[in-house]
Protein chains: 2
Amino acid sequence: MTRKSTSVTIRDVARQAGVSVATVSRYINHNAPVSEDVAQKLEQVMAELQYVPQAAARQLATRRTNLIGVLLTNMDNDFFSLLLRGIEEVVREQGYNLLVATYHVSNRWQSSLPIGPHNVDGMLIFADSLDDKNLAFLHHRDFPMVLIHRTPPAGLPLPCVTIENKAATHRLVDHLIDVHGKRRIILMRGEAGQEDSYWREIGFRDALDAHGLPLDPQLILKGDFDRHVAYQVMKRFLEQEAVPPFDAIFTGDDEAAIGVMRILNEKGIRVPEDVAVVGFDDMNLAAFLTPPLTTVRAPTEQVGRTAAQQLIGLLAKNAPQDIILLPTEIILRRSCGC
Amino acid sequence: MTRKSTSVTIRDVARQAGVSVATVSRYINHNAPVSEDVAQKLEQVMAELQYVPQAAARQLATRRTNLIGVLLTNMDNDFFSLLLRGIEEVVREQGYNLLVATYHVSNRWQSSLPIGPHNVDGMLIFADSLDDKNLAFLHHRDFPMVLIHRTPPAGLPLPCVTIENKAATHRLVDHLIDVHGKRRIILMRGEAGQEDSYWREIGFRDALDAHGLPLDPQLILKGDFDRHVAYQVMKRFLEQEAVPPFDAIFTGDDEAAIGVMRILNEKGIRVPEDVAVVGFDDMNLAAFLTPPLTTVRAPTEQVGRTAAQQLIGLLAKNAPQDIILLPTEIILRRSCGC
DNA sequence: TGAAATAATGTAACCGGTTACATACACACG
DNA sequence: CGTGTGTATGTAACCGGTTACATTATTTCA
């Protein structure tokens, strides 16, 4: 019994069942009628031989991979757990498989993309994981893509799914000013170039403008959406010679809020009595911080689901919606003084 | 310019460069020397044509997919964010791509596995995502697999990576008894059949035995490693006619601890003054709960990395270590009374 | 100087599916 | 009874790479 080493092929099945490979293929894919007795015979033979079609061969022949790619900037955040959950759910329901990779614009050393037309049928692209040049190239090749938490660059009509950042931040800052009487609010930015960070800043500035409040450049810090960075930056801010007066902090996102609240606590500055702190995202932790964090709820799982649906629609040649802006909602907890 | 619709192939490159496809293939894979001038010409032509080899064709020819599969039970937990992070890091470094799927023993309706030998070169299997029958079948086919948070069933010498559950739980319960004088400790189990849950229970019982304490069956609850389930179960427990006395709760994992602490808070039962609460995992949240949660730190990201390394070792025909038990560490915080 | 070894390249079979096209057969209809 | 229509099936080309084997040119060495 010197088996040919490799696995059982469609030809083995065909031979065993006494039919041609075409008939087997047709039966497997249900794309042509097969007589009842042949069907039964095939069913039996396939079970007996434990036959499973080789994905690569099928992909080569059909020029479809049945794979959806997801490109993330990194996975260093519980945020991605939610996003992936939403994506995975839809992808699985629709009979696709999921290829996950990380990549970042700044990865100059990486020659080629881990996923792309050679690999997957379509691709979800998170934020700055891919630069405009690559984006343009792939779009020119008619490669189906949906952007997540990023709007398309000028001239590239790519569908995208993101969240409402500006108005929510505006309202949150309004709340700090109107309800709690705050006047000197620190703005903590996310990573440079990050779109969420950009729109949150615009919302922040608009709110200040609307109340005729100036934005003191000394009160602009850079938290990078990272708790450790935020901790260090805030520490340095507080340990300056002359600390500018401030009565509230918009931390950019919840991760940064965690770092900020820790250093405030270490310095004996009370939240919310001495200073109000607000975040963005409403991640799992937010409600459990001390005090519970006032923030903006981002429907991250829903973003994942929606983006996956859009992409799979694209693959079925459905015209996509250009831009989907999912609504966000202010969550008032203790940390702002409420 | 009526292009043949599909993408540029290795034959296009060969023609354009005036060499044979074999030479192109050799140059791309660096598995045979190519003269300097041909190399330069190819470099130029490939850049010009933006050539990227088709993964499916290569997979078919080499019978390697360059893909690692991960099978999870679900993604409803920040736990998986950490696990995937560790896995992804190693997989990327080693030049593989990552296919993520969810599956569960109980999914009877799903006919075939989303990932397997037809799909990937090897596979990481988390806990109960795959049943013994499938496991045995795949192992019989010499399919490279590594189990995560699960030891192999009898007779199947599969490598596995998991954490030290029993001793850590034992020490944690010791601590409750010895340091804080607890005598009536509630045991909250995880999902039935889950191996972590099993060993934690063993550790729990051993600790009680070692102190000559009986385990009151009334104090055994089922939290399913889920905050909502734990909340409801604990609620029902507290709303019984005659609530059995208790002075501490081992919640099984941190997720359950969250649910338990919430209902205790609602009922006006103080932690740790009235009752001590301890968890397991030390997830991101644990340190931020009120009070901060005493728990066991599980090196989840490290588990992911290690499992991925083992699997990739297997693919390179390295003999794997049979069972890798990563150490855990007790983290004492406020919730136990410390 | 000629035989043998070495280096660079080409030819064509092969991986395991899908599918266009051909074929064979049954049945209906004028 | 010949022709037409429809159904079930087979044959073989094709998808786009890899690689065994053959071939040619160049160098080495007895």
Side-chain angles (χ1 to χ4, degrees), chain A residues 3-43 45-46 49-67 112 116-121 141, chain B residues 3-43 45-46 49-67 112 116-121 141:
Chain A
R3 180 65 71 81
K4 243 331 225 335
S5 85
T6 45
S7 57
V8 30
T9 76
I10 197 172
R11 286 167 228 266
D12 297 326
V13 176
R15 188 176 332 111
Q16 189 86 356
V19 296
S20 74
V21 293
T23 301
V24 180
S25 177
R26 289 182 188 114
Y27 176 66
I28 292 172
N29 298 298
H30 304 106
N31 50 13
V34 162
S35 70
E36 183 53 31
D37 46 345
V38 169
Q40 281 187 10
K41 181 74 182 171
L42 281 177
E43 202 59 60
V45 170
M46 284 169 56
L49 266 50
Q50 308 258 39
Y51 172 68
V52 179
Q54 205 61 27
R58 190 186 293 217
Q59 288 169 20
L60 183 55
T62 58
R63 278 179 234 114
R64 290 197 48 219
T65 63
N66 214 43
L67 287 173
S112 62
H118 60 288
N119 237 2
V120 299
D121 292 340
R141 279 274 209 274
Chain B
R3 181 64 72 81
K4 244 334 224 335
S5 85
T6 45
S7 56
V8 30
T9 76
I10 198 173
R11 286 167 228 268
D12 297 327
V13 175
R15 190 176 330 111
Q16 190 85 358
V19 297
S20 74
V21 292
T23 302
V24 180
S25 176
R26 287 181 190 116
Y27 176 64
I28 292 172
N29 299 298
H30 304 105
N31 50 14
V34 162
S35 70
E36 184 53 32
D37 47 344
V38 169
Q40 281 188 9
K41 180 75 180 170
L42 281 176
E43 202 58 60
V45 170
M46 283 170 57
L49 266 51
Q50 308 258 37
Y51 171 68
V52 179
Q54 204 62 27
R58 185 182 292 205
Q59 288 168 19
L60 183 55
T62 59
R63 282 180 229 110
R64 291 196 49 219
T65 63
N66 215 41
L67 287 173
S112 62
H118 59 287
N119 238 2
V120 298
D121 292 339
R141 280 274 210 275

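Numbers restart at 1 for each chain; the letters A, B, ... are given by sequence-line order, proteins then strands. Only heavy atoms go into these numbers, but all of them, side chains included; no hydrogens, no water, no symmetry mates.
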What is the distance, to the nearest angstrom, from the CD1 atom on A:Ile10 to the C1' atom on D:dT9? 14 Å
Separation of B:Asn29 atom CG from C:dT9 atom P, in whole Å? 16 Å
Starting from C1' on D:dA8, measure out to CD on A:Glu36 and report it in whole angstrom. 13 Å
Check whether A:Thr65 reaches the backbone of A:Asp121 with its side chain - one donor and one acceptor, N or O, closer than 3.5 Å. yes
Nearest whole Å is fine: how far is C:dC15 C1' from B:Leu60 CG? 4 Å
At under 4.0 Å, does any side-chain N or O of A:Thr62 touch on OP1 or OP2 of C:dG17? no
At less than 3.5 Å, do the side-chain atoms of B:Arg63 and the base atoms of C:dG16 form a donor-acceptor pair? no
Looking only at side-chain atoms of B:Ser25, point me to the closest of C:dG17, D:dG16, D:dT19. D:dT19
May I ask you to list the residues of residues 11-23 of chain A, by number, that have any heavy atom positioned under 4.0 Å from an atom of DNA chain C? A:Arg11, A:Ala22
Which whole-number value in Å describes the distance from A:Gln54 CD to C:dC14 C1'? 14 Å
Which distance, rounded to the nearest 0.5 Å, do you find between the CD of B:Gln40 and the CD of B:Glu36? 5.0 Å
Taking atom P of C:dG17 as reference, at what distance in whole Å does atom CG of A:Asn66 sit? 15 Å
Does any part of the side chain of B:Gln59, heavy atoms only, come nearer than 4.5 Å to the side chain of A:Gln59, both counted from C-beta? yes
Determine whether A:Val45 and A:Lys41 make a side-chain contact, defined as any pair of heavy atoms from C-beta on separated by less than 4.5 Å. yes
Closest-nucleotide ordering on DNA chain C, the 5'-leading residue of A:Asn31 and B:Arg26: B:Arg26
Measure from CD on B:Gln59 to C1' on C:dG17 and round the result to the nearest Å. 13 Å
Minimum heavy-atom separation for A:Leu49 to A:Val8, with atom names? O-CG1, 3.5 Å
Hey, are the side chains of B:Val24 and B:Val19 touching, using non-hydrogen atoms and a 4.5 Å cut-off? yes
Here the distance between atom C1' of D:dG17 and atom CD1 of B:Ile28, to the nearest Å, is 9 Å
For A:Tyr51, answer base if it contacts any base atom (sugar-phosphate contacts may also be present), sugar-phosphate if it contacts only those atoms, and nothing otherwise; contact means non-hydrogen atoms under 4.0 Å. sugar-phosphate
Less than 4.5 Å apart, side chain to side chain, heavy atoms only: is that true for A:Ser25 and A:Ile10? yes
